[in-house]
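This one's a predicted model, so the numbers in the text were calculated from it and none came from an experiment. What's counted below: heavy atoms across the whole structure, side chains too, no hydrogens, waters or symmetry copies.
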Amino acid sequence: MNFIVRHFAKWPRVGLLAMLSGSAMVTAVHAERITNPIAEFSGIDKITGRIINFDVYIDETVQFGALQVTPRVCYSRSMDDEPKTDSFVEVDEITLDRKIRRIFTGWMFAESPGLNAVEHPVYDVWLKSCKAKSTVPPPDEAKTN
């Protein structure tokens, strides 16, 4: 520590301040999160072996087999940043006696699908991406058609 203090004591104070403020500016830059209206999921039916991709609008619920998937938020980054896509999701199971029980509440990460995927005896669900547009009509349009 004394070596560092003695070494930097020789530098003009202006140069030291410029160096310190420059390094602070580099660490202060953060990638901006993009809030998306649609979460894209993949799901597998372990009985049939079929993998299905499906889009879900934020705060809407889609049924996949005996599971109901509801994303609450879906964040991504711009194309020039490192990919980080995450969604806060609630998943409920419809039991054989028609009761609904929550089996998952938490964050899913598209870049690490095994980290927080929903693993069910028959169905698995994981986040694939967040999207701004979908071929699926928004919930309001679907109700009017």
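When side chains are defined from C-beta on, Val91 does not count as touching Thr70, because their heavy atoms never get closer than 4.5 Å. At a threshold of 4.5 Å between non-hydrogen side-chain atoms, the residues Arg72 and Asp59 count as touching. Val89 is listed as a side-chain neighbour of Phe41, based on a closest heavy-atom distance under 4.5 Å. Contact annotation: the side chain of Ser87 never approaches that of Phe109 to less than 4.5 Å [non-hydrogen atoms, C-beta and beyond].
For the pair Lys46 (side chain) and His120 (backbone), a donor-acceptor distance under 3.5 Å is present.
Residues Glu60 and Val56 come closest through the heavy atom pair O-CG1, 3.3 Å. The two residues Asn36 and Tyr75 have their closest heavy-atom pair at ND2-C, 3.9 Å. Here the closest heavy-atom approach between residue Leu67 and residue Val118 is recorded as CD1-CG1, 4.4 Å. Gln68 and Ile100 make their closest contact through OE1-CD1, 3.9 Å (heavy atoms, listed as atom of the first residue, atom of the second, distance). In terms of heavy atoms, Ala132 sits closest to Pro37 at O-CG, 3.5 Å. Taking every heavy atom of both residues into account, Met108 and Asn116 meet most closely at CG-O, 3.4 Å.
Here Glu111 does not pair with Lys84 in a salt bridge; the nearest charged N to carboxylate O distance is not below 4.0 Å. A salt bridge is absent between Arg50 and Asp45; no separation between the charged side-chain nitrogens and carboxylate oxygens falls under 4.0 Å. Under 4.0 Å is where a charged nitrogen must lie from a carboxylate oxygen, and between Arg77 and Glu32 no such pair does.
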**Request:** Take Ile47 and Tyr123 through the test side-chain contact (heavy atoms from CB on, under 4.5 Å) and record every step on the way to the result.
**Result:** CA-CA 8 Å; Ile47 303 298; Tyr123 307 100; over 6 Å; no
**Request:** Output, in order, the C-alpha distance, side-chain angles, deciding distance and verdict of side-chain contact (heavy atoms from CB on, under 4.5 Å) for Asp92 and Arg101.
**Result:** CA-CA 5 Å; Asp92 298 319; Arg101 90 182 156 105; over 6 Å; no
**Criterion salt bridge (charged side-chain N to carboxylate O under 4.0 Å, His left out) on Asp55 and Lys131, from CA distance to verdict** = CA-CA 9 Å; Asp55 293 347; Lys131 299 170 29 173; 2.9 Å; yes
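Between Ser129 and Thr85, the side chains place no donor N or O within less than 3.5 Å of an acceptor N or O (distance only, hydrogens not considered).
Linking ILVMFWY residues whenever their side-chain heavy atoms come closer than 4.5 Å, directly or via other members, leaves Val69 and Ile94 in distinct clusters. Taking hydrophobic clusters as Ile, Leu, Val, Met, Phe, Trp and Tyr residues chained together by side-chain heavy-atom distances below 4.5 Å, Val125 shares a cluster with Val62. Side-chain heavy atoms closer than 4.5 Å link hydrophobic residues (I, L, V, M, F, W, Y) into clusters, and following such links, possibly through other members, connects Ile52 to Phe104. A chain of hydrophobic side-chain contacts below 4.5 Å, direct or via other Ile, Leu, Val, Met, Phe, Trp or Tyr residues, connects Val122 to Ile103. Cluster membership check: Leu115 does not share its hydrophobic cluster with Ile44, using side-chain heavy-atom separations under 4.5 Å among Ile, Leu, Val, Met, Phe, Trp and Tyr.
Ring geometry for Phe64 versus Phe54: interplanar angle under 30°, hence parallel rather than tilted (30 to 60°).
Other members of the cluster containing Val136 are Ile38, Tyr57, with ILVMFWY side chains joined at under 4.5 Å, either directly or via other members.
Note that the SG atom of Cys130 and the CG atom of Asp86 stand 7.0 Å from one another [nearest 0.5 Å]. For the atom pair OG of Ser42 and CD1 of Ile51, the computed distance is 7.0 Å after rounding to the nearest 0.5 Å.
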